[in-house]
Amino acid sequence: MYVAVKGGEKAIDNAHAWLAEERRGDPSIDVLSVAQIREQLSFAVNRVMAEGSLYDPQLAALAIKQARGDLIEAIFLLRAYRTTLPRFGTSHPIETEKMSCIRRISATFKDAPGGQVLGPTFDYTHRLLDFKLAADGDIEEAELASKPLDEAVPHITNFLNAEGLIQQEPNTDTEPGDLTREPLELPANRALRLQSLARGDEGFVLGMAYSTQRGYARNHAFVGELRIGDVTVEMDIPELGFSIEIGEVEVTECETVNQFQGSKTEPPQFTRGYGLVLGQSERKSISMALVDRALRWKELGEDNLGAPAQDEEFVLYHCDNIQATGFLEHIKLPHYVDFQSELELIRKLRREAQSHLQTQEAAE
Amino acid sequence: MTQPLLDVRGIAKFYGARIGCADVSFDLWPGEVMGIVGESGSGKSTLLNCIAGHLEPDAGEVFFDTRVDGMKDTLLMSEPERRMLSRTDWAFVHQHARDGLRMSVSAGGNVGERLMAVGARHYGDIRARAIDWLGRVEISESRIDDRPTAFSGGMQQRLQIARNLVTGPRLVFMDEPTGGLDVSVQARLLDLLRSLVREMGLSAIIVTHDLAVVRLLADRLMVMKDGHVVEAGLTDQVLDDPQHAYTQLLVSSVLQD
Amino acid sequence: MSEYNFAYLDEQTKRMIRRSILKGLAIPGYQVPFASREMPMPYGWGTGGVQVSAATLTPDDTLKVIDQGADDTTNAISIRKFFQKTAGVNVTEKTAEASLIQTRHRIPEVTLREDQILVYQVPIPEPLRFLEPSEVETRKMHALEEYGLMHVKLYEDISKHGAIATSYAYPVRVEGRYVMDPSPIPKFDNPKMEMAAVQLFGAGREQRIYALPPYTEVISLDFEDYPFEASKADHACDLCGAENSYLDEVIIDDQGGRIFVCSDTDFCTSCQDQTKEEAA
């Protein structure tokens, strides 16, 4: 006698208990601390902050621990937490011009005021597994330079601007929309597109950027400047009547110099792409700049070549990995009611096709 | 009949300093076919698209006899009104059939769509009318469930015509309807268009660079050059006794084909 | 969970959602864009329904949550526990005792009343989505009432299969105006949508809310000569004997033996209880 399956609640509780055990792993091995993640897995922390749209390395590290290293799961935790936080207001726009750079490079000039500062990059490492790391040894402190970096690190694009060689970005005072407060409606202005890309999945944005380099709406990008470092965050406090610095965040900013454009009436100028990400996150910021530029085809009077990176709807609707994974993984949920109706339909259609065939044969 | 079906006044379209078309006026009566000829760049397609509502002109009015509401300027209509008009009273035959068909929908579905868009809800009737129309454009009933991708160029064009005419429009716009087709296929298509236009009492505006098309189909003719109408009149008169130097050139070059 | 507001969402967010709901009720079947919030469960797992329920619940409500018609499926349990934690409302498995029912993929078999609210979880709110992938284009089609393409799809089905080949998420026309996706309920449930209760539809990931006020006209699309059929498996429930409820097919042995049981578990239990009472 069939008895309907019950006990879903118990199953869920047991699943969670087992999950906690798996998270802990072998009990004879030391527990991973949140501080260790925060300090020693900073690129993971950076990605989680960037795509979680929340600057808090400690919380991001906690999320990574809770998510057992699944970064998209960690981003989800951070975003869900962010939703519950009260909003006190908005800060002034950060001034990347005043960044204290730990890294600053340009591919367009051999040198420029402020210098080329390599910073703590993987770029020139040889990708050879370092088994010394497995031995958890201490490292030597890096040597300090004889003098500090220049304080003034002007944007490279300013120099191109001075000659009139690069397009000016229009300055507006309009408040940008907030993707986390309003539904995304198309067509989206550039501010919303950049917001969406800033918190978009690194892999997706990378793939889209790569596609432009391979000819799907190529825009000839040069890295005009990549800078990474801390910027201060300033905010107006109504009770005080003036603004104060409330803290510092680390950001990565990438400005690309792209395909120049001109017309019969206007001399040619370089065009631009822009990427800005929380934390040190180079790959993402460069990808973002390339995709930003590709999405600007209409306002720059270019042709729509039908490339995926030019399709605003395609890019913006599919770059959010929390939406993507939610919907992807939801197909694990029971769908047997709908499947049942498909079964009924296909059985019916097959019966009718069969009897149709039989009638035909009988007639012959 | 005291008023024309279509009364076009002072249509102009500019692209910066360049003239797309300028100062074009004419009227069209029920059952009349107007041909617009010229070389490429003459502005004839621009003019057609302005009148048909595909392009927004910079000046001018397009009065259409809507039956219900009398003569109305279609350029001032709301988008829903205009889209309704283009599904019922108006039809547009594109030069490339692909632009006027749904390539992933069967021939029957393509012909039936306009009927369904205006409320036809009986599958059997829709299918019967589709079969009837396919027959009228000389496409075999056996092809009704095939996709247009499986049709030859000429068949696709005939399907486009069927799709457009099934709701009995009163005004048909045609943009180079025989363009890109073989000469023999063209002849067949022109014959078909001629009999359909006569049978249904259609008014039509046909844009073409091919004088043979207007000779066969058009009652009246406008010759365009550099965005302006340089000559207009009855087709036979204009072609047999061209007055303007440009028209003379056009007519004489046809004989060299 | 005292650090969270009643039913988790803050009051501003609830206000925003309620405005969207009211707009939806004023224009039955029209998809209202809303700023979906990140919730503690993933997109695709009912966040739209949860946000609508959260904005609609009051402390006096009695909540029922079902998935595939059953109260005991894992996601229904998860959502019900969420509201128990964050709202502390009474919960029930009995449809007749619930004031708010959140559902995925089924409408309860028992007729709903004027004092009840049914909240549907919706994955893809746009009925034209698979015919026209562009959102910009589909919004225009709805605004201009251009639904020819929808009927073309039905025509194509019949020409290919001899019947309309949609068995769930079967499109409907609301009050003769908007074409709407009823969410992936089996077409068997479509006729129930003309009901006394308020129906609210939430799509979190796609950021849309739509609604049907009580006694709204909801007509499943069809052709006159191929009329809509609310069909189900040609069986009765093997547990309670009901002839007119939607059935799950359950495989019970290695030879593929199968039985059919009511998908609506509360309905089935009530039927069985009633039979026992009558026998006693």
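Lettering of chains follows the sequences in order, A, B, ..., and the numbering in each one begins at 1.
Ion pair C/K81/A/D13 flagged as a salt bridge, since at least one NZ, NE, NH1 or NH2 atom sits closer than 4.0 Å to an Asp/Glu carboxylate oxygen. Between A/R347 and C/E249 a salt bridge is recorded (basic side-chain N to carboxylate O distance below 4.0 Å).
Interface residue A/E329: backbone and side-chain heavy atoms are both found under 4.5 Å from chain C. Heavy-atom distances place the side chain of C/F260, and not its backbone, under 4.5 Å from chain A.
Looking at A/T83, its side chain does come within 3.5 Å of a backbone N or O of C/E38 through a donor-acceptor pair. With hydrogens and angles ignored, the 3.5 Å screen pairs a side-chain donor or acceptor of C/R37 with a backbone N or O of A/T180. No donor-acceptor distance shorter than 3.5 angstrom exists from the side chain of A/E344 to the backbone of C/S231, with no hydrogens or angles considered. Remark: side-chain polar atoms of C/Q68 are paired, donor with acceptor, to backbone N or O of A/P334 under 3.5 angstrom.
Between the side chains of C/R205 and A/H330, no donor-acceptor pair is found at a separation under 3.5 Å.
When all heavy atoms of C/I77 and A/G8 are compared, the closest pair comes out as CD1-C, 3.3 Å.
No other option in A/I12, A/I331, A/L186 has as many heavy-atom pairs under 4.5 Å with chain C as A/I12.
Not counting sequence neighbours, the partners of C/K232 by the side-chain contact (heavy atoms from CB on, under 4.5 Å) test are C/F188, C/Y246, C/L247.
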